[in-house]
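Structure, as structure tokens:
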2 protein chains.
Amino acid sequence: MSDHDAGRRPGFAAERRERILRLLRANGSMSLRELASAVHASEVTVRRDLRALAADGLLDRRHGGAMLPGGLTREAPYREKTGVATAEKAAIAEYAAGLVEDGDAIVLGGGTTTHELARRLTGRRDLTVVTNSLLVAEALADAPGAEVVMTGGALRGPIRALVGGAAERSLAGTHVRRAFVSGNGVSAARGLSTPNMAVAGVDRAMAEAAAEVIALADHTKVGADTMFQTVPPDRVSLLVTDAAAPPAELAALRAAGVRVHVVTP
Amino acid sequence: MSDHDAGRRPGFAAERRERILRLLRANGSMSLRELASAVHASEVTVRRDLRALAADGLLDRRHGGAMLPGGLTREAPYREKTGVATAEKAAIAEYAAGLVEDGDAIVLGGGTTTHELARRLTGRRDLTVVTNSLLVAEALADAPGAEVVMTGGALRGPIRALVGGAAERSLAGTHVRRAFVSGNGVSAARGLSTPNMAVAGVDRAMAEAAAEVIALADHTKVGADTMFQTVPPDRVSLLVTDAAAPPAELAALRAAGVRVHVVTP
DNA sequence: GACCCGGCGATCGAATATGGTCGGTTCCGA
DNA sequence: TCGGAACCGACCATATTCGATCGCCGGGTC
């Protein structure tokens, strides 16, 4: 049932409000701008929708966006001043979302950037997403066109991701076109890396399971090198980063055979 | 437009309305234009159909289309604030939490009651919890004394649980002392049951993985019998329910060898 | 064969939704 | 504390949808 553009259905008002609620429940809170772009409506219209929904007590309006009512459940301020490089991550995720087509089967790793990416895939049709991240799974749980498969494994609380032998084994049997992974550092010398051994194992397994590995890394990670190497440079087919990344490192990465796409927030 | 004659003559109209209902149930909501094109009728005709169906309470009309009744308010079944038997579920979870000791390894199934139970285990020490529920995992993610292991599997969105062959296989290798499962019905005749086949498979695997199966079921489920049997009565070692459960059924369960504990909210 | 009747589609005024813009307010960083 | 940027509510023009009326078609009846 994929007419044209994903999610660009002619849908009507009540359905749009339903989608807004779903998006909010998946993400805890969202800015007005995010919502408007997600449901393909103007900010004025979304503002009206939020007003109506808030009148019914279905959400809480805040300056600049909305969040779940009574929700101490998840304190995720939509304007995350605590998060570093939020705008950059969003822009990177936005571009990465454009790489995903209806009917794709992809692997999504853990991390805030991949979470952002997942949130942008709710409108896709006939999508299969393999992930070890609770955040990714939750973001896509209500997406009608997405089949979400989780790896098993031990839960690593702080990052809400599954790791360990079980996670790696469950990935061993799968093969997909593309894996989107994040990691804590990416350099021309050692490729993707992460400071945690268990996480590294899963990231390696994810890279193994995919024909193409696409690295999502904001500028704070480019040139960084942490303890465990996960994906060597020649296995990274594309790096998506933002304009603040050190040009020298990007050049070195290109020289190492990595395609690099730079987005501007 | 006489409603009586509609049943006598299986004309095109009745069939078209059936199809409209089917489409709506499949998609949740559809715009008038989509429906008209789907059933190959004019928008005016579909509008008439919608009016008639809405009069019977079979759907909710909205400007621009229609959706399933109740749509906006009971969107997220698991986050139900006004859910049924909330106090009872809490009391059941409270008692069940008392059955869990430091150092235990347990299996927690999906459902709101097990979610409540998980939330009461955050203070335990040296606990290992195997679960297929995203809600349980999330509830224990920040608990310092709990090691959470998730089964893999396909995500079943509405209940936030992992199901399917992968989930069952990952449970095959585990063995724990106790499994806490909920299900949609429990009766002396057929034990625990659930209306979904995939969920049933996982519940069975969970029961297999545990030495003891403890069923958590509020009174609305006692005596209920849904399509797929998951755990036979003689494998349920303890049923925790609330005081509003039908006494006859509880007696029958006891006669079947099930220990029954009744909590008062 | 003429008539009636239920269902369907087309059309038009009315109601509603949408998006752009303007002025006042709130928020954030300096 | 202050200035700028972002956000909000309100107004208006436009686009879309709704409800009602009408005419057409096919089948059944007298």
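Each chain gets a letter, A, B and so on, in the order its sequence line appears, and its residues count up from 1. Bear in mind the structure is a predicted one, so any value in this text is a computation, not a measurement.
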Using only atom types and a distance under 3.5 Å, with no angle test, would you say the side chain of A:Asp242 pairs donor to acceptor with the backbone of A:Ala244? yes
Identify, with sequence neighbours excluded, every residue that meets side-chain contact (heavy atoms from CB on, under 4.5 Å) alongside A:Val181. A:Leu192, A:Met206, A:Val213
Whole-Å distance, B:Glu15 CD to C:dG7 P, equals 15 Å
Reading nucleotides 15-21 of chain C from the 5' end, what letters show protein touch, with B for base, S for backbone sugar-phosphate only, - for no heavy atom under 4.0 Å? --SBBBB
Partners meeting side-chain hydrogen bond (donor to acceptor under 3.5 Å, both in side chains) with A:Glu212 (sequence neighbours left out): A:Arg178
Please lay out, stage by stage, how A:Val199 and A:Thr230 fare under the test side-chain contact (heavy atoms from CB on, under 4.5 Å). CA-CA 9 Å; A:Val199 175; A:Thr230 58; over 6 Å; no
Tell me every residue that passes ring pair (Phe, Tyr, Trp, His ring centres under 6.0 Å) with B:His63, counting only those two or more places apart in sequence or in another chain. none
Can you find a side-chain donor-acceptor pair between B:Asp218 and B:Thr220 that sits under 3.5 Å? yes
Can you measure A:Glu34 atom CD to D:dC7 atom P for me and round it to whole angstrom units? 11 Å
Rounded (10°) bend between the five-pair end axes of the helix from C:dG1-D:dC30 to C:dA30-D:dT1: 30°
For A:Arg62 and D:dG9, what is the distance between atoms CZ and P respectively, to the nearest whole Å? 14 Å
Show every side-chain hydrogen bond (donor to acceptor under 3.5 Å, both in side chains) that has at least one partner inside residues 245-259 of chain A, sequence neighbours left out. none
In whole Å, I'd like the distance from the CG atom of A:Leu35 to the P atom of D:dC7. 12 Å
Quick check: does any side chain N or O of A:Arg119 sit under 3.5 Å from a backbone N or O of A:His115, one acting as donor and the other as acceptor? no
What is the distance from CZ of B:Arg61 to C1' of D:dG19, rounded to the nearest Å? 9 Å
